[in-house]
Protein chains: 2
Amino acid sequence: MEEHRHVTIYDIAERLNLATSTISRALKDHHSISDKTIKKVKQTAKEMGFVPNTLAAGLRGNKSRTIGILIPTITQPFLSSLISGIEITAQKSDYTVIIMQSHDSYEMEVDLAKSLYSNRVSGVICSLAMETKDTSHFHQFSNNNIPLVFVDRVPRDYDTFRVVINNYLAGYKATKHLIEQGCKRIAHLTAGSEFGTLYNERKRGYMDALAEHDLAIEDDLIVVLKHMTYEEGVKACNQLFDLKTPPDGLFAPGDILAVSAVQTAKKRGVKVPEELAVIGFNDDPISEIIEPNISTITHPAEKMGKAAAELIIKNLKSVKEEDAKEITFLNTQVVVRESSKRI
Amino acid sequence: MEEHRHVTIYDIAERLNLATSTISRALKDHHSISDKTIKKVKQTAKEMGFVPNTLAAGLRGNKSRTIGILIPTITQPFLSSLISGIEITAQKSDYTVIIMQSHDSYEMEVDLAKSLYSNRVSGVICSLAMETKDTSHFHQFSNNNIPLVFVDRVPRDYDTFRVVINNYLAGYKATKHLIEQGCKRIAHLTAGSEFGTLYNERKRGYMDALAEHDLAIEDDLIVVLKHMTYEEGVKACNQLFDLKTPPDGLFAPGDILAVSAVQTAKKRGVKVPEELAVIGFNDDPISEIIEPNISTITHPAEKMGKAAAELIIKNLKSVKEEDAKEITFLNTQVVVRESSKRI
DNA sequence: TATTTTAGCACAACCGATTGCAAGAGGCAA
DNA sequence: TTGCCTCTTGCAATCGGTTGTGCTAAAATA
């Protein structure tokens with residue numbers, strides 16, 4: 001196997017008897033280089049198989065045209081769509097995407113943040129780990145003018161960009177939908193309050209919707225889960241069905257949970273939606289396929305990814321314009337399907 | 001906002017009155033540096049908030065401790081699990097993962113390959129785009145001793161690492177299972193022959209299983225799809241159901257297709273599995289949730305990702321040992337669920 | 001005590017692209 | 001012919017670690 005060494009601008013310079021600076025400029029159509037030279041250089045570069053070394057360019061400019069993504073896991077449909085949106089947008093502007101999974105561990109998140117910094121990423125998009133309470137490991141970005149965008153699972157108090165949906169409103173809308181379908185005892189699954197604002201907001205929406213319609217908020221009907229998994233969903237649902245007066249509606253803040261509810265109900269002979277109306281969250285592909293189809297709240301993952309990436313890229317161009325670190329709210333919609341349709 | 005400049009080994013060297021070489025070596029426990037110095041350097045580095053610049057290191061050594069992933073899309077469950085496996089393994093060895101989506105376009109794949117090379121990735125893991133026939137854009141890696149591993153959708157004739165399942169055997173097993181359930185007219189969906197070996201192998205297995213059991217291979221029962229999507233699956237199934245003598249079994253080389261079959265059957269009043277036994281492929285989450293549950297063939301995505309990443313990392317250590325570019329076959333299993341259970 | 005060995009550290013080149021500044025060539029007006 | 005300006009191109013420093021080689025002083029050996 002022959003050993004090519006990488007072709008550099010030095011090689012091109014030598015071949016054409018020009019300075020490397022000229023090559024460098026010619027390759028990016030710098031105005032101070034004559035068209036003749038530009039054409040010649042590009043031609044030769046192609047002939048010689050020149051591929052620029054982004055490491056060198058990055059080192060010199062101390063920026064790498066790289067967007068770092070730090071998320072709990074990529075296998076969740078929401079997150080993989082998010083990444084996809086980021087990657088598509090990044091690609092258009094010639095940015096590269098690097099991905100790291102925290103697996104919801106605070107410790108890993110801290111390590112990986114350092115690793116991203118070490119890679120001199122141009123910007124960071126992050127959805128926080130479940131465990132994370134302290135966010136000081138992100139200061140290294142803020143302090144060094146590296147744009148930082150939190151998505152979906154965002155910290156409550158951090159002055160930076162945030163791309164989210166209005167979880168409160170979404171929770172409210174979901175619950176209201178169930179109420180409109182005639183539900184009187186609506187259950188809700190949620191995460192411990194220590195896990196950031198996301199689930200709390202949805203819960204607030206849930207509670208406000210109940211209150212607004214003069215429905216009692218019963219502690220029995222609110223089940224706190226440790227993890228938002230199918231298994232815990234099943235457990236929670238069984239617990240709910242075992243109540244003296246079981247719920248007639250359920251707002252699950254995730255489609256996997258909604259699926260677990262639908263299936264548990266089926267197993268126990270509880271009819272959906274007649275005896276239990278269910279609405280999920282996220283509009284995962286699965287919600288459209290299971291029977292009955294699950295009503296849900298859209299969660300525009302890819303759009304959020306695109307928005308986040310655009311924020312970074314835009315912000316990199318117009319350096320620190322000190323525009324307030326805005327919060328981008330994307331819209332959600334109630335998708336009514338069979339699992340909640342009573343009327 | 002205060003502007004920190006990045007702390008470098010020069011800063012540490014100055015502070016401690018040592019040479020940068022000493023700092024560099026001390027930070028990686030080089031044997032020629034005294035323990036005292038090492039301790040002192042590490043201590044100071046931490047105090048000053050030093051974070052190594054991987055770009056600089058990469059430039060010098062012409063390797064970036066980065067694994068490039070080039071796949072059609074990350075939103076498919078199989079592929080996102082694959083990435084997850086790669087990322088987990090990479091993280092353990094302190095490698096970074098960069099991701100690019102070809103969206104099944106040959107042109108993009110060529111571009112992105114160049115981009116990966118431009119980033120001086122240490123290794124590449126790729127699952128080919130549907131469109132790709134010519135693979136010469138990967139020569140740049142092979143020619144420069146950059147380990148290249150193809151996964152799942154691999155080229156037929158490229159001397160490099162490949163991590164795959166035995167698609168022939170899997171197709172055979174799937175079909176045989178249907179035969180054992182009493183199916184006599186087994187249909188099969190497949191992709192055009194120009195799309196690499198993957199679907200062809202499954203089809204070969206299908207055909208051999210039929211032949212072995214003295215079942216006729218009928219062209220009518222083999223539907224060639226342009227894309228392996230839900231919509232095309234529905235179309236294909238309708239076409240099959242419209243036959244004078246419709247099939248009584250279906251081997252779909254993907255769970256999404258199997259889902260489309262099950263749902264189309266339901267819509268048309270065809271009973272699954274009684275009138276049509278269905279088996280899918282991949283063991284996507286969805287196959288366990290839809291009703292009836294779909295029998296399927298496991299496709300160990302995460303394991304394949306890990307195997308691929310390990311191949312790269314291992315190969316990077318023991319430089320070009322010229323061990324034949326092995327093919328790693330991972331096992332698959334038939335998972336029998338309701339959609340095909342007749343006996 | 002003289003000499004060899006070794007531990008510990010410094011020097012400086014290097015990786016490859018970028019960019020501010022300098023300078024040479026050619027054109028044009030005075 | 002001289003001077004000035006514009007257009008092109010070259011020089012050289014720079015980004016921040018890495019590493020082969022060389023030097024010095026202390027430790028080990030004769």
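Note that the structure is a prediction, hence the values are computed from the model and not measured.
- The stretch residues 22-32 of chain A touches DNA chain D through Thr22(A), Arg25(A), Ser32(A), each having a heavy atom under 4.0 angstrom from the strand.
- Bounding nucleotides for the chain B contact on DNA chain D, 5' to 3', at a heavy-atom distance below 4.0 Å, are dG16(D) to dG20(D).
- Asp29(A) meets the side-chain contact (heavy atoms from CB on, under 4.5 Å) test with Ile38(A), Lys42(A); sequence neighbours excluded.
- In the region residues 57-64 of chain B, proximity to DNA chain D at under 4.0 angstrom, judged on heavy atoms, holds for Ala57(B), Arg60(B).
- For the side-chain contact (heavy atoms from CB on, under 4.5 Å) test, residues two or more places apart in sequence or in another chain that qualify with Thr328(B) are Val163(B), Leu311(B), Glu326(B), Leu330(B).
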Give every donor-acceptor pair under 3.5 Å between a side-chain atom in residues 13-24 of chain A and any protein atom, sequence neighbours left out.
from: Arg15(A); atom 1: NH2; to: Glu47(A); atom 2: OE1; distance (Å): 3.4

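- Using a 4.0 Å cutoff on non-hydrogen atoms, the parts of residues 33-52 of chain A near DNA chain D are Ile33(A), Ser34(A), Thr37(A), ordered by number.
- For Ser102(B), the side-chain contact (heavy atoms from CB on, under 4.5 Å) partners two or more places apart in sequence, or in a different chain, are Leu70(B), Pro72(B), Glu109(B), Ala129(B).
- With sequence neighbours left out, the side-chain contact (heavy atoms from CB on, under 4.5 Å) criterion links Pro52(A) to Phe50(A), Ser118(B).
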What protein N or O atoms touch nucleotides 24-27 of chain C N or O atoms at under 3.5 angstrom, if any, and at what distances?
none

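- Among pairs with a residue in residues 72-112 of chain A, those fulfilling ring pair (Phe, Tyr, Trp, His ring centres under 6.0 Å) read Phe78(A)-His299(A), Tyr106(A)-His137(A), at least two apart in sequence or across chains.
- Note on the helix from dT1(C)-dA30(D) to dA30(C)-dT1(D): angle between the axes of the first and last five pairs equals 50°, rounded to 10 degrees.
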